[in-house]
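Worksheet for the structure shown next.
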Number of protein chains: 2
Amino acid sequence: MTEPKMELNPRSSSILEAVVHDHIATAEPVGSRTIAKKYKFGLSPATIRNIMADLEEMGYLSQPHTSAGRVPTDRAYRFYVNHLLESHHFPKVKNPVVEATLQSIHEFNELMKETSVFLSQLSNQAGIVLIPNLKKTVFKRIEFIHLTGSRVLVIFVAESGLVHKKTIELDRPISQNTLEKISNLVTEQMAGLTLQEIRKKLVKMMEEEKTQFDELLNQAVKLSQKAFENEEGESEVYVRGTLNILNQPEFASIERMKALFKAFEEKSILIQILDKCLEEDQNVKVTIGSENCIEEMEDCSLVTSTYKYGNMSVGVLGIIGPKRMDYSRVIPVVGYMAKLISNLLTNS
Amino acid sequence: MTEPKMELNPRSSSILEAVVHDHIATAEPVGSRTIAKKYKFGLSPATIRNIMADLEEMGYLSQPHTSAGRVPTDRAYRFYVNHLLESHHFPKVKNPVVEATLQSIHEFNELMKETSVFLSQLSNQAGIVLIPNLKKTVFKRIEFIHLTGSRVLVIFVAESGLVHKKTIELDRPISQNTLEKISNLVTEQMAGLTLQEIRKKLVKMMEEEKTQFDELLNQAVKLSQKAFENEEGESEVYVRGTLNILNQPEFASIERMKALFKAFEEKSILIQILDKCLEEDQNVKVTIGSENCIEEMEDCSLVTSTYKYGNMSVGVLGIIGPKRMDYSRVIPVVGYMAKLISNLLTNS
DNA sequence: GGTTAGCACTCTACGAAGCTTAGTGCTAAA
DNA sequence: TTTAGCACTAAGCTTCGTAGAGTGCTAACC
């Protein structure tokens with residue numbers, strides 16, 4: 001579906017807005033009489049019927065059945081979001097409690113978990129946060145800690161405050177003392193680099209190491225290799241407040257619900273969608289219904305925004321709810337939270 | 001409700017078993033005709049009706065309405081689990097794929113997450129795992145790592161392999177170098193102790209420190225205090241495979257579902273129940289319906305077992321599903337997984 | 001005395017019929 | 001171009017009747 005060539009004239013556009021607006025409020029198909037009564041266009045139901053018939057022909061509205069009112073299509077929501085919502089009419093969002101609470105959390109993952117909770121509470125939808133994966137990370141420290149036997153815990157600390165841990169298994173035990181030296185050595189070499197740069201550097205170090213044999217360096221390279229292998233893909237996502245969605249009338253049917261919860265349980269689906277948002281890196285992005293290409297979620301919309309560490313977008317946060325959501329309330333919430341988190345990450 | 005004084009005679013008992021068995025299989029109220037036909041007692045429906053009426057009087061069966069068949073009560077399930085299931089008839093559970101997969105996971109939390117997935121898959125119910133909290137932990141290393149400014153990452157490593165992290169904020173920055181020394185000092189002092197013992201030791205060290213002033217020791221004590229404060233209560237629980245429960249006919253009603261998912265989202269409810277299981281520390285424990293005292297879960301049963309590190313029970317794993325579940329299949333699964341995890345934790 | 005056949009009774013589930021209601025499309029007049 | 005009017009449609013609700021499953025009770029049977 002492409003945008004229709006034919007422009008909507010102002011009157012049709014207003015009617016469409018009214019239909020979308022009313023449907024968002026009531027969750028019911030909207031009839032011509034309702035529009036005529038509630039919204040003072042000075043037109044009779046008959047006229048509005050004609051216009052609605054036109055809008056249906058153009059693909060903006062559809063009828064569940066012959067004698068029902070009209071329901072907005074995905075295209076209608078898209079038009080509504082792109083052309084009818086005016087950002088200067090958005091309510092200002094500012095919540096001191098949220099700000100204070102988030103400021104008091106020092107642990108990165110805790111911060112993000114709490115963020116997803118607030119997103120869901122402020123929007124009355126489900127809140128989602130995609131945690132930065134290591135690809136986007138500039139490392140600050142790499143720490144090796146001895147566990148049991150030849151098992152070693154690796155702690156990655158990113159400049160952004162993100163902490164990631166991993167366990168690796170060696171051929172033979174290494175003492176905590178040596179591990180400390182290695183930690184410092186590796187950190188010295190790798191601090192300030194991204195995963196990709198570290199990979200390159202590792203190759204280079206291996207070659208150097210061949211010429212000038214150094215036991216410690218040798219071990220350091222080996223450990224780093226184990227530490228950094230298989231570490232690109234891992235993304236994590238927090239979803240909170242899914243109950244909010246359950247309360248929406250459109251998910252009263254068990255089958256819909258199941259499909260949706262399947263998508264939530266299979267986090268990989270969500271990650272896939274959110275990764276796409278991260279790549280596109282828009283301010284606040286709205287993905288409506290089937291635009292997200294996941295069958296289970298064709299009744300849902302996402303409102304997302306990337307959040308930044310410094311100048312780099314490192315993750316995505318937002319909300320997920322039925323297509324029929326109050327975009328004018330939700331969009332500023334997501335924008336607000338993204339800015340808030342970006343500030344918190346960058347200035348701390 | 002206490003156990004009834006009056007013993008069930010063998011015939012009533014068999015009939016009760018048949019009713020429970022059939023209801024588990026069909027999810028429908030069970031009538032006298034069904035029992036007479038499917039289970040060859042050599043009795044007519046009328047006789048069975050009489051017996052079922054007796055069983056109802058004794059509180060083992062109930063009727064949804066006058067002309068429906070009978071449904072087992074909680075007491076019936078309890079009797080079934082306690083007296084009618086014979087563990088030597090349980091199917092043997094052994095799954096090489098599960099064993100191999102779990103063996104290959106080195107990270108504690110990953111291991112537990114995967115365990116909850118396997119629990120759900122093997123039982124066709126929702127799998128749950130309660131992670132050990134620090135109360136039950138014997139510490140092995142405590143590591144302080146410098147983050148940004150005066151922020152310090154604390155890594156707790158338990159003997160069991162459990163790794164817990166936390167961020168603390170100091171009055172003023174401390175260099176990584178000093179932190180390393182403090183890490184070693186604190187580890188030296190605290191290794192092998194439990195949280196409670198560490199608390200005691202900290203008080204003692206504070207007093208000592210007053211008499212013989214030592215800058216490093218001073219800092220170490222301060223950091224430890226911050227690290228160990230507010231760390232008792234935190235429990236974590238993994239729930240996987242909730243979709244399995246959605247497919248059970250008794251949760252076809254939206255309202256039931258919502259109640260259940262509310263309980264799942266509010267992890268604190270689950271933690272409360274599981275903590276109780278941990279205290280009681282039975283082998284495999286079955287909690288039926290209203291026995292768990294949580295209104296939202298009165299249609300559910302839990303089958304749980306503690307898992308051990310060495311001789312100490314440190315956590316709980318199990319499954320959660322409708323009361324009407326196949327206990328004879330589920331109980332051995334939980335037992336198997338508990339043993340498997342205990343072995344993995346202890347011998348590694 | 002326990003067991004069973006028979007029968008009246010009860011309640012639910014299901015479907016058809018009928019009514020109401022919301023909303024449409026079309027036509028003809030303003 | 002707009003509007004009033006009207007015929008039409010489909011869904012939802014209610015009512016009613018029926019079929020079916022299952023019970024409890026009684027009386028007969030072994």
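The structure presented is a predicted model; accordingly, all values stated were derived computationally and were not measured. Lettering of chains follows the sequences in order, A, B, ..., and the numbering in each one begins at 1.
- Donor-acceptor pairing under 3.5 Å is recorded for the side chains of A/Asn9 and A/Ser12.
- Just one residue in the list B/Lys37, B/Lys38, B/Arg33 forms a salt bridge (Lys or Arg N to Asp or Glu O under 4.0 Å) with B/Asp22, and that residue is B/Lys38.
- Applying the ring pair (Phe, Tyr, Trp, His ring centres under 6.0 Å) test to pairs two or more places apart or on separate chains, none has a residue in residues 15-43 of chain B.
- Using a 4.0 Å cut-off between charged nitrogen and carboxylate oxygen, A/Glu56 and A/Arg70 count as a salt-bridge pair.
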Identify each atom pair where a protein N or O and an N or O of nucleotides 22-29 of chain C are less than 3.5 Å apart, giving names and distance.
{"from": "C/dG23", "atom 1": "O4'", "to": "A/Ser67", "atom 2": "O", "distance (Å)": "3.3"}
{"from": "C/dT24", "atom 1": "OP1", "to": "A/Ser32", "atom 2": "N", "distance (Å)": "3.4"}
{"from": "C/dT24", "atom 1": "OP2", "to": "A/Ser32", "atom 2": "N", "distance (Å)": "3.4"}
{"from": "C/dT24", "atom 1": "OP2", "to": "A/Ser32", "atom 2": "OG", "distance (Å)": "2.7"}
{"from": "C/dG25", "atom 1": "OP1", "to": "A/Arg70", "atom 2": "NH2", "distance (Å)": "2.7"}
{"from": "C/dG25", "atom 1": "N7", "to": "A/Arg49", "atom 2": "NE", "distance (Å)": "3.2"}
{"from": "C/dG25", "atom 1": "O6", "to": "A/Arg49", "atom 2": "NH2", "distance (Å)": "3.2"}

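- Contact annotation: B/Thr47 side-chain N/O to C/dT3 OP1/OP2 distance is not under 4.0 Å.
- Across the protein-nucleic acid pair, A/Leu43 atom CG and D/dT1 atom P stand 13 Å apart, rounded to whole Å.
- Put simply, NE2 on A/His65 is 16 Å from P on C/dT21, counting in whole angstrom units.
- Rounded to whole Å, atom C1' of C/dG2 lies 14 Å from atom CD1 of B/Ile48.
- The nearest whole Å value for the distance from the NZ atom in B/Lys38 to the P atom in D/dA21 is 14 Å.
- For B/Arg75 and B/Tyr60, the positive end sits near the middle of the six-membered ring, less than 6.0 Å away and at most 45° from its axis.
- In this model, a donor atom of one side chain and an acceptor atom of the other lie less than 3.5 Å apart for B/Ser290 and B/Asp74.
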